[in-house]
Amino acid sequence: MSLISRRSDRTRVIVCIDFDYFYAQCEEIRNPSLRGRPIVVCVFSGRTGDSGVVSTSNYIARNYGVKSGIPIKVARSKLADRGDAIFLPMDIKFYAAKSEEAMSVIRGFGDKYEYVGLDECFIDVTDSTNADFEQAKQLSMTIKSSVFQKTGLTCSLGVAPNKLVAKIASDFQKPDGLTVVPRQEVENFLSRLRVDKIPGVGPKTTKKLFAMGMETFGQLSCCDPFRLVEEFGRTSGICLYNASKGIDNELVTESGQTQQIGKIITLKKDASRSTEMYDDLQRLCRLVVDLATERQVAFKTIGVLLILHDLENITRSKTLKVHCTNYNELYSVAKSILDEAMDWSTDDAVSAKLRVRRLGVKLTDLKNNSGQNTISDFIGST
DNA sequence: GCCACGCCTCGTC
DNA sequence: TTACGGACGAGGCGTGGC
């Protein structure tokens, strides 16, 4: 059995475009007087004035250790000496509009385009550059200046023979960077980088790899792939090994719709009984069913997510017999899942632990509905 | 024994 | 010292049908 993918024979030229500190940069563009000040874009949970986490920050704030994911209170204390620091709530509609402006410029340059997120995309420029990295470099500089001219946004670009290395290269020089890694330089470029530069490798995997004595791509590429499979499972193990050698045969493709629709909220105060959450649950069901209607999809599996006061997660779900688009059925099933989840233990010690901080509803097993109702909708609605 | 499916947790962005 | 959102996908495990 061979675990290792072969390098694709055809040389491709892929560009990864990543907008710098995107949400915070959008805020600078909207209000140029903020430039030069630490900007922190936050997700306020609404529970208390400063409850929530940092979504992103500009480089001035990052110099003070303010990065995405940290609690807003921590960010405030880190920036205590900077009286000019500004904390703003996310305005996703504005960022989405700005992103679309930039993406429409970028789409015009690629043979193929793949949207990854509001701040990131790939284009395949193999044909338009005759697979020549020097031409790709020139094209990338044109893309950077066009995006800046049309939107005011700066971005960092990585040019490489595949998506994996292009992504790593785009992250190599930031902000406003351009890194070109031709095929023959891939191994050398990667060898001394730390393993946490591999997309998808976060703190937990990094810690595990470090404990195994693998801190760099070079060290990882010398590892027995069977050992990686043993430690991380077949799929992840093979991915890690191939990544360490810069192998990635995934094509640039128009990505499809998401495979789930979910909403999660933070409760105004912790709840220990399901009845205390019925109002919030109704609100969540209404939100997700509206999103499903908007996207013209029906759902078959309904999930309820509970995050407890100690941030431990509990998820429970139920799969319906047939796909559904109906709010009443959704709420009724979600309510029964919630009731069961809250009553699952008669052990007082366990029940006492069930102080729910956040509540979520998730729809999966989605199917294109295009306005057609199912029998269950008919039954549910009559 | 194999496979598909349902359910749940983990991990990342 | 601590503080703590929201969204999504991957994958492991158990179960039941064949």
Check your understanding: If you count the non-hydrogen atoms of other residues, nucleotides and ligands that lie under 6.0 Å from NZ in A/Lys144, is the total more than 12?
Key ->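 Yes.
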
Exercise for review: Please say whether more than 12 non-hydrogen atoms of neighbouring residues, nucleotides or ligands are located less than 6.0 Å from CZ in A/Arg35.
Suggested key: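 Atom CZ in A/Arg35 is crowded, with more than 12 foreign heavy atoms closer than 6.0 Å.
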
Exercise for review: Determine the interplanar angle of the A/Phe22 and A/Phe19 rings, folded into 0 to 90°, and report it as parallel if under 30°, tilted if 30 to 60°, perpendicular if over 60°.
Suggested key: tilted

Interatomic distance where [atom1] belongs to [X] and [atom2] belongs to [N] [whole Å]:
X	N	atom1	atom2	answer
A/Ile307	C/dC4	CD1	C1'	10 Å
A/Tyr23	C/dG5	OH	P	17 Å
A/Leu118	C/dC8	CG	C1'	14 Å
A/Leu305	C/dA7	CG	P	10 Å
A/Leu359	C/dG6	CG	C1'	13 Å
A/Arg357	C/dG5	CZ	C1'	10 Å
A/Asp119	C/dA7	CG	C1'	14 Å
A/Leu363	C/dG6	CG	C1'	15 Å

Review point. Could you run down nucleotides 7-13 of chain B 5' to 3' and tag each one B, S or - for protein heavy-atom contact under 4.0 Å?
Key: SSB-SSS

Without hydrogens or angle criteria, can the side chains of [X] and [Y] be said to hold a donor-acceptor pair below 3.5 Å?
X	Y	value
A/Ser104	A/Lys150	no
A/Asp18	A/Ser156	no
A/Arg183	A/Thr11	yes
A/Ser45	A/Ser51	yes

Practice item. Can you pull out how bent the helix from B/dG1-C/dC18 to B/dC13-C/dG6 is, comparing the axes over its first five and last five pairs, to 10°? Key: 10°

For [N], take OP1 and OP2 only and decide whether either is under 4.0 Å from a side-chain N or O of [X].
X	N	result
A/Ser77	C/dA3	no
A/Lys73	C/dT2	no
A/Gln260	C/dA7	no
A/Ser51	C/dA3	no

Exercise for review: State plainly whether the residues A/Asp127 and A/Lys112 are in salt-bridge range, i.e. N to O under 4.0 Å.
Suggested key: no

Point to revise | Identified side chain to side chain contact (heavy atoms under 4.5 Å, CB included) counterpart of A/Thr319 within the set A/Asp365, A/Thr364, A/Ile302 | key: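 One option only clears the test, and that one is A/Asp365.
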
Point to revise | Residue mapping more 5' on DNA chain C - nearest nucleotide basis, A/Ile264 or A/Leu311 | key: A/Leu311

**Study point:** Span that lies between the C1' atom of C/dG5 and that of B/dT12, in whole angstrom
**Key:** 14 Å

Check your understanding: Could you give the distance from OH (A/Tyr278) to CG (A/Asp339), rounded to the nearest 0.5 Å?
Key -> 3.5 Å

Review point. Hey, does A/Ile265 reach any base, or is it just sugar-phosphate, or nothing, if we go heavy atoms under 4.0 Å?
Key: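 Result for A/Ile265 = sugar-phosphate.
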
